[in-house]
Amino acid sequence: MARRLRPVGLDFVAVAPSRLVFAAHVSASPAEVYTALAEDVPGWARWFRAVSLARPLESEGRKRREIRLRGGTRFLETILAEEPSQRYAYRVDVTNAPGVRALAEEWQLLPAGTGTVVRWSVAVDAPVPVRLLLAAGRPGMRHAFRGATRSLDRRIAAMRGGGPHPG
C-alpha cells in the first residue's frame, strides 16, 4: 500500500536521524555524470541494477520522478536540487516501503583530476527498528552503489566513444 511521507527540504540530508553516505571515483567528468543522473532519468534502469523503471514526471510545475526497484518497491519523488556538474537531490513523497516517515537522497559530484568523486547520501526518518534495519543493510547498499557507479562509468565511456550502450 502506498503511503505519503513527510515532505522535507534539502537540509534534511544533513540533519536526518539516519544517514548513509557512500562515495566512489569514476573516470567520467562531473558534467557527464550529472547528465546521466538528472537529464537521462530513464537511463537509470540501465546502469543502477536495483532500478527496474525510472521516468521523469512534471506535476504542478515541479519536476518529479517515478522510480521502481526490483522486488516491487516504488517511489514518487520530487526533485529538490539540480545543480549542473555539482548536485542532484530529491525527496520521496509516496512509497510502498514500510516504516519510513521521510526520505531524501543527494548525489554530490566532486571534481577529481579528470574524473569525479560521486557521493550518494541517503537520509531517512523512521522508527528505531527500521533505522537498525537500514544500518544493517549498509554493506548491501554500498555494494549496490559501487556496482552502479562502475556500470555508469562504463556506460558514459561507451556513449562518449560511440560504442554500444552497456546494460
Side-chain angles (χ1 to χ4, degrees), residues 1-24 26 28 30-110 116-128 130-131 133-135 137-138 140-142 144-145 147-149 151-152 155-156 167:
M1 172 177 294
R3 294 177 308 98
R4 183 161 293 283
L5 303 187
R6 177 170 52 90
V8 294
L10 196 52
D11 61 325
F12 181 73
V13 174
V15 301
S18 184
R19 294 178 63 239
L20 300 175
V21 180
F22 307 98
V26 297
E32 291 170 313
V33 175
Y34 179 83
T35 296
L37 291 173
E39 297 172 15
D40 182 20
V41 172
W44 282 60
R46 293 185 195 96
W47 58 266
F48 206 131
R49 183 177 219 130
V51 176
S52 63
L53 172 89
R55 68 182 179 118
L57 304 170
E58 192 151 339
S59 173
E60 300 163 11
R62 294 181 296 164
K63 286 188 175 182
R64 305 181 84 190
R65 304 181 338 158
E66 176 187 3
I67 302 292
R68 293 183 185 197
L69 302 182
R70 298 189 195 291
T73 304
R74 297 183 316 271
F75 303 102
L76 180 58
E77 304 168 340
T78 295
I79 308 305
L80 297 175
E82 289 183 298
E83 299 172 24
S85 301
Q86 297 175 20
R87 173 167 56 174
Y88 183 63
Y90 43 88
R91 73 164 180 248
V92 174
D93 296 316
V94 177
T95 185
N96 63 345
V100 178
R101 294 187 286 239
L103 172 62
E105 298 181 25
E106 176 184 56
W107 295 74
Q108 287 184 308
L109 310 175
L110 309 165
T116 306
V117 171
V118 179
R119 186 166 54 203
W120 178 41
S121 299
V122 180
V124 179
D125 179 17
V128 171
V130 175
R131 293 196 326 240
L133 283 172
L134 185 64
R138 179 186 296 268
M141 289 180 69
R142 179 182 300 115
F145 170 72
T149 53
S151 181
L152 175 61
R155 179 174 166 77
I156 291 170

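Legend: residues meeting side-chain hydrogen bond (donor to acceptor under 3.5 Å, both in side chains) with R87, ordered by chain and number and at least two apart, are E83, E106. Annotation: side-chain hydrogen bond (donor to acceptor under 3.5 Å, both in side chains) contacts of R64 (sequence neighbours excluded): T78, D93. Scanning for side-chain hydrogen bond (donor to acceptor under 3.5 Å, both in side chains) contacts around Q86 gives an empty result, with sequence neighbours left out. Take Y88 and apply the ring pair (Phe, Tyr, Trp, His ring centres under 6.0 Å) test, not counting sequence neighbours, and it matches Y90. Not counting sequence neighbours, R49 has no partner by the salt bridge (charged side-chain N to carboxylate O under 4.0 Å, His left out) test.
Note: L76 CG to N96 CG = 11.5 Å, rounded to the nearest 0.5 Å. In this structure, CG on L80 lies 10.5 Å from CD on E105, to the nearest 0.5 angstrom. With rounding to the nearest 0.5 Å, the separation of NZ in K63 from CG in L57 is 12.0 Å.
Side-chain contact check for I67 versus V92: every heavy-atom pair is 4.5 Å or farther apart. By the 4.5 Å heavy-atom criterion applied to side chains, T116 and E32 are not counted as neighbours. Between F22 and R138, some side-chain heavy-atom pair lies under the 4.5 Å cut-off. The side-chain heavy atoms of L69 and V51, taken from C-beta on, include a pair separated by under 4.5 Å. Inter-residue side-chain proximity for P84 and P30 is flagged as unmet; no heavy-atom pair is nearer than 4.5 Å. Looking at heavy atoms from C-beta onward, L103 lies out of side-chain contact with V8 at the 4.5 angstrom threshold. Between L109 and L37, the closest side-chain pair of non-hydrogen atoms falls below 4.5 Å. S151 is not listed as a side-chain neighbour of R46, based on a closest heavy-atom distance of 4.5 Å or more.
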- Given the rule in the side-chain contact (heavy atoms from CB on, under 4.5 Å) test, do R155 and D40 qualify, once you have shown the distances and angles that lead to the verdict? CA-CA 12 Å; R155 179 174 166 77; D40 182 20; 3.3 Å; yes

- Query: Under the side-chain contact (heavy atoms from CB on, under 4.5 Å) criterion, do V26 and V33 qualify, and how do the steps go?
  - Reply: CA-CA 9 Å; V26 297; V33 175; 3.9 Å; yes

- Query: Hey, mind stepping through W47 and I156 against side-chain contact (heavy atoms from CB on, under 4.5 Å) and telling me if it holds?
  - Reply: CA-CA 10 Å; W47 58 266; I156 291 170; over 6 Å; no

- Query: Which is it for R65 and F75 under the side-chain contact (heavy atoms from CB on, under 4.5 Å) test, yes or no, and what are the steps along the way?
  - Reply: CA-CA 8 Å; R65 304 181 338 158; F75 303 102; over 6 Å; no

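Here salt bridge (Lys or Arg N to Asp or Glu O under 4.0 Å) pairs that include residues 5-22, with residues two or more places apart or in two chains, are R6-D125.
The aromatic rings of F48 and W44 sit parallel to each other, their planes meeting at less than 30°, with 60° as the upper class boundary. The aromatic rings of W120 and W107 sit parallel, their planes meeting at an angle under 30°, below the 60° perpendicular limit.
Panel note: side chain R3, backbone V100; a donor-acceptor pair is recorded below 3.5 Å. In this structure, S52 contributes its side chain and R68 its backbone to a donor-acceptor pair below 3.5 Å. Side-chain atoms of T95 come within 3.5 Å of backbone N or O of R74 as a donor-acceptor pair.
When all heavy atoms of T149 and A24 are compared, the pair lying nearest together is OG1-CB, 3.5 Å. Residue L134 comes nearest to S18 through the heavy atom pair CD2-OG, 3.5 Å, listed as atom of the first residue, atom of the second, then distance. Closest approach of G99 and V130 over heavy atoms only: CA-CG2, 4.0 Å.
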